[in-house]
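Here the structure is laid out as structure tokens; the discussion comes afterwards.
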Amino acid sequence: MRVCVVGSGISGLTTALKLSDHVGVRVVVHEQADHFGGRAGTDENGEHCPRFFMDDYSELLAILRTIRGYSGRSVFDDLEVVRRLSRTAASGWVEISHLYRFLAKEIPWSERVRLARTWRRTPLVAEQGGNRYGSLRNYSPGGLARMGANLLRSKTGYVLPGPTDDYLVKPWLGALRARGVVLRTGSRVTALAPGEDGVVVTAGRGTERFDAVVVTAFVPDLVNLLNASRLDHTVVETEHTHCVAYTIDLDRREKVLAEERPRLYSHSGINVLVQPRHHRCVVLCTLSPRTARQHVVAEITEFLQLERDPVTVKCRPNQRPGEAVFVGDYLHPEKLLRRAVHAVYFAGSAMRNSYPLDSAEGAVRSALTAVDAIRHDFNLGPVNTGMVATRDRPRTSEQS
């Protein structure tokens with residue numbers, strides 16, 4: 001059986017990994033960009049965001065246990081529990097025990113109220129004059145409810161000690177290549193032609209027939225593909241939350257790099273993940289009043305008490321909806337096409353899944369749903385037991 005996976009984000013990589021578990025299944029991954037990873041990928045402008053894994057990413061963490069990582073251990077073993085710091089008016093930087101400042105017992109209630117009021121005044125920085133980045137309105141009641149529930153449940157966060165490409169994407173690609181998965185970059189899928197004997201896929205290299213196709217493209221690219229394929233669908237492209245990220249290499253002599261464990265600093269709508277082993281930090285501007293390079297570098301210099309100019313500063317403006325974070329309502333894969341089409345499946349973090357937020361975990365769970373559907377519809381052969389992911393529970397901060 002041959003399966004085409006459209007997109008190499010977390011959902012696409014998960015789909016390819018799980019399908020390649022099965023004897024006799026050959027997988028080809030088409031990625032339109034010149035690098036793999038989707039929103040987890042790194043390009044010439046740096047990281048998409050500080051890569052962050054919550055403690056309830058059970059499905060993703062189970063997969064990461066099975067992939068040999070940067071250090072020779074598993075990708076999961078390379079993850080580190082992040083120290084979370086927030087700045088208060090009275091005490092300066094305070095290490096907090098909860099993932100979110102508003103729920104951290106170390107921050108006085110008066111400070112939490114001030115934080116809430118600040119967010120209410122400037123919830124969407126794109127509405128501030130002259131800021132072309134920031135956020136756009138696309139919050140739904142359902143999305144806010146899911147976010148609120150997750151705030152109460154998640155307390156610990158894990159991060160990669162260095163570049164996402166090195167610690168996540170490249171090891172994952174290595175695992176896929178070892179299984180015989182074909183990986184193609186610069187290969188944009190432009191049309192699908194489903195038929196009784198499979199799906200003809202048109203991409204950069206011409207056309208190929210596959211027994212099944214799993215589309216993991218983000219919403220705008222999904223809309224374009226379905227329209228070009230003349231498949232009647234219900235998807236509506238809307239604006240999503242946009243932000244800007246900086247990847248900053250620091251001088252090795254900076255004092256903030258003295259401690260090896262990664263730390264996440266949050267203040268004034270700016271989040272800074274310091275990765276000391278790689279002498280750098282990754283910055284995500286979400287609610288900051290300004291996102292210009294000069295302003296952000298000045299803020300980071302003050303936050304981290306830097307004594308020297310940064311070595312390099314890369315800026316990745318996540319303006320395209322395809323690169324954005326989705327905080328609205330989910331798409332329902334089974335209702336996405338107005339008329340059912342054989343052998344075409346959908347996955348991605350914007351798809352309905354059992355995790356409350358748009359995230360890597362949501363992408364994984366939607367991919368697992370698509371894979372289960374293919375297993376059922378095509379009665380796939382046995383699983384190679386040497387490739388099955390374990391189901392150990394994620395480690396706690398005490399175990400790390």
Practice task
Look only at the side chain of Ser11 and the backbone of Ala363, and say whether a donor-acceptor pair between them is shorter than 3.5 Å.
Solution key: no
Problem - Note: Lys18-Glu59 ion pair, threshold 4.0 Å (strictly below) - result: no
Practice task
Decide whether His233 and Asn227 meet the rule of one side-chain donor and one side-chain acceptor closer than 3.5 Å.
Solution key: yes
Practice task
Count the heavy atoms of every other residue, nucleotide or ligand shown that sit under 6.0 Å from CD of Gln294, and state whether that count exceeds 12.
Solution key: no
Exercise for the section: Compare all side-chain heavy atoms of Leu273 with those of Tyr265 and state whether any distance is below 4.5 angstrom. Expected result: no
Handout entry: Distance-only side-chain donor-acceptor flag, Arg39 / Ser349, under 3.5 Å
Key = yes
Handout entry: Donor-acceptor under 3.5 Å (Glu254 side chain, Glu307 main chain)
Key = yes
Completion exercise
Scanning both residues in full, the closest heavy-atom pair of Arg280 with Pro163 reads NH2-CA, 3.1 Å
Exercise for the section: Taking the side chain as every heavy atom from C-beta outward, state whether Val182 and Val27 have any pair of such atoms under 4.5 Å apart. Expected result: no
Practice task
Measure the shortest side-chain to side-chain distance between Val81 and Thr156 over non-hydrogen atoms and say whether it is less than 4.5 angstrom.
Solution key: yes
Exercise for the section: Please report the closest heavy-atom contact between Ala360 and Leu60, naming both atoms and the distance. Expected result: CB-CD2, 3.7 Å
Problem - Salt bridge present between Glu299 and Arg293 (N-O < 4.0 angstrom) - result: no
Exercise for the section: Would you please indicate yes or no on a ring centroid separation below 6.0 angstrom for Trp93 and Phe303? Expected result: yes
Problem - Sidechain N-carboxylate O distance under 4.0 Å for Glu302, Arg87 - result: yes
Handout entry: Taking every non-hydrogen atom, the tightest pair across Pro310 and Ile248
Key = CB-CG2, 3.6 Å
Exercise for the section: Report the C-alpha separation of Leu17 and Leu176 in whole Å, then their side-chain angles, then the decisive distance to 0.1 Å, and conclude whether the side chain to side chain contact (heavy atoms under 4.5 Å, CB included) test is met. Expected result: CA-CA 6 Å; Leu17 190 74; Leu176 294 178; 3.8 Å; yes
Practice task
Taking all heavy atoms of Gly46 and all of Lys314, pick out the closest pair and write down the distance.
Solution key: N-CD, 4.1 Å
Problem - Polar side-chain atom of Gln32 near backbone of Gly7 as donor-acceptor pair, under 3.5 Å - result: no
Exercise for the section: Step through it carefully: locate the ring centre of His332, locate the ring centre of Phe346, and say whether they are under 6.0 Å apart. Expected result: no
Practice task
Using modelled atom types only, decide if a donor and an acceptor are shared between the side chain of Asp78 and the backbone of Tyr70 within a distance under 3.5 Å.
Solution key: yes
Practice task
Could you tell me the separation between the CG atom of Asp165 and the NZ atom of Lys170, rounded to the nearest 0.5 Å?
Solution key: 5.5 Å
Exercise for the section: Answer whether the closest heavy-atom distance between the side chains of Gln275 and Arg263 falls below 4.5 Å. Expected result: no
Exercise for the section: Working to the nearest 0.5 Å, report the span between CG of Leu79 and CG of Leu61. Expected result: 6.5 Å
Exercise for the section: Check the hydrophobic clustering (I, L, V, M, F, W, Y; side-chain heavy atoms under 4.5 Å; chains of links allowed) and say if Val282 and Val272 are grouped together. Expected result: no
Problem - Under 3.5 Å donor-acceptor, Arg209 side chain and Asp197 backbone - result: yes
Exercise for the section: Report the C-alpha distance between Cys4 and His30 in whole Å, list the side-chain angles of each, state the deciding distance to 0.1 Å, and finish with yes or no for side chain to side chain contact (heavy atoms under 4.5 Å, CB included). Expected result: CA-CA 7 Å; Cys4 172; His30 288 270; 3.4 Å; yes
Handout entry: Nearest heavy atoms of Asn353 and Gly362, plus distance in Å
Key = ND2-O, 3.4 Å
Exercise for the section: Would you tell me whether Thr369 and Asp372 have side-chain atoms, one donor and one acceptor, within less than 3.5 Å of each other? Expected result: no
Exercise for the section: Please confirm whether the backbone N or O of Ser20 pairs with a side-chain atom of Arg26, one donor and one acceptor, at under 3.5 Å? Expected result: no
Exercise for the section: Starting at CG of Asp166, measure out to CG of Leu160 and round the result to the nearest 0.5 Å. Expected result: 10.0 Å
Problem - Aromatic contact, Tyr158 with Phe52 (centres under 6.0 Å) - result: no
Exercise for the section: Would you check if there is a donor-acceptor pair between the side chains of Arg365 and Ser359 at a distance under 3.5 Å? Expected result: no
Practice task
Just do the side chain to side chain contact (heavy atoms under 4.5 Å, CB included) check on Leu19 and Leu380 with the steps written out, would you?
Solution key: CA-CA 9 Å; Leu19 287 175; Leu380 295 187; 4.1 Å; yes
Handout entry: In one Ile/Leu/Val/Met/Phe/Trp/Tyr side-chain cluster, 4.5 Å: Leu13, Phe36
Key = yes
Handout entry: Interatomic spacing from CD in Glu44 to CZ in Arg316 - rounded to 0.5 Å
Key = 8.5 Å
Problem - Side chain proximity check, Val274 to Leu264, heavy atoms < 4.5 angstrom - result: no
Exercise for the section: Look only at the side chain of Asp43 and the backbone of Gly41, and say whether a donor-acceptor pair between them is shorter than 3.5 Å. Expected result: no
Practice task
Determine, for Phe210 and Arg2, whether the Lys NZ or Arg CZ falls below 6.0 Å from the six-membered ring centre while staying within 45 degrees of the axis.
Solution key: yes
Practice task
Determine, for Arg375 against Asp377, whether the closest basic-nitrogen to carboxylate-oxygen distance falls under 4.0 angstrom.
Solution key: no
Problem - Non-hydrogen atoms of Asp251 and Leu257 that approach each other most closely - result: O-CD1, 3.3 Å
Problem - Main-chain N/O of Met351 paired to Ser366 side chain as donor or acceptor, under 3.5 Å - result: no
Exercise for the section: Measure the shortest side-chain to side-chain distance between Leu368 and Thr14 over non-hydrogen atoms and say whether it is less than 4.5 angstrom. Expected result: yes
Problem - Donor + acceptor pair across side chains of Glu31, Ser187 (<3.5 Å) - result: no
Practice task
Consider only side-chain N and O atoms of Arg65 and Ser74, and report whether a donor and an acceptor are under 3.5 Å apart.
Solution key: no
Exercise for the section: Enter the distance from Ile374:CD1 to Thr15:OG1 here, rounded to the nearest 0.5 Å. Expected result: 7.5 Å
Handout entry: Cluster link Leu284 to Val313, ILVMFWY, side chain under 4.5 Å
Key = no
Problem - Check: Tyr246 side chain, Thr291 main-chain N or O, donor-acceptor pair, under 3.5 Å - result: yes
Problem - Ring centroid separation Phe378 to His342 under 6.0 Å - result: yes
Exercise for the section: Start with the C-alpha gap between Arg188 and Asp221, add the side-chain angles, then the distance that decides, and say whether salt bridge (charged side-chain N to carboxylate O under 4.0 Å, His left out) holds. Expected result: CA-CA 10 Å; Arg188 180 170 176 259; Asp221 295 323; 5.7 Å; no
Handout entry: Any side-chain heavy-atom pair of Val159 and Arg51 under 4.5 Å
Key = no
Practice task
Measure the OG1-CD1 distance between Thr216 and Ile10 for me, rounded to the nearest 0.5 Å.
Solution key: 10.5 Å
Handout entry: Lys/Arg N to Asp/Glu carboxylate O, Arg83 vs Glu259, below 4.0 Å
Key = yes
Problem - Path from Val200 to Val215 over hydrophobic side-chain contacts below 4.5 Å - result: no
Problem - Polar contact flag, side-chain donor to acceptor under 3.5 angstrom, Asn271-Ser266 - result: yes
Exercise for the section: Before giving the answer on side chain to side chain contact (heavy atoms under 4.5 Å, CB included), spell out for Leu331 and Leu222 the whole-Å C-alpha distance, their side-chain angles and the decisive distance to 0.1 Å. Expected result: CA-CA 11 Å; Leu331 299 173; Leu222 173 63; 4.2 Å; yes
Practice task
Measure the shortest side-chain to side-chain distance between Thr164 and Glu47 over non-hydrogen atoms and say whether it is less than 4.5 angstrom.
Solution key: yes
Practice task
Could you tell me whether the side chain of Glu260 and the main chain of Pro276 form a donor-acceptor pair under 3.5 Å?
Solution key: no
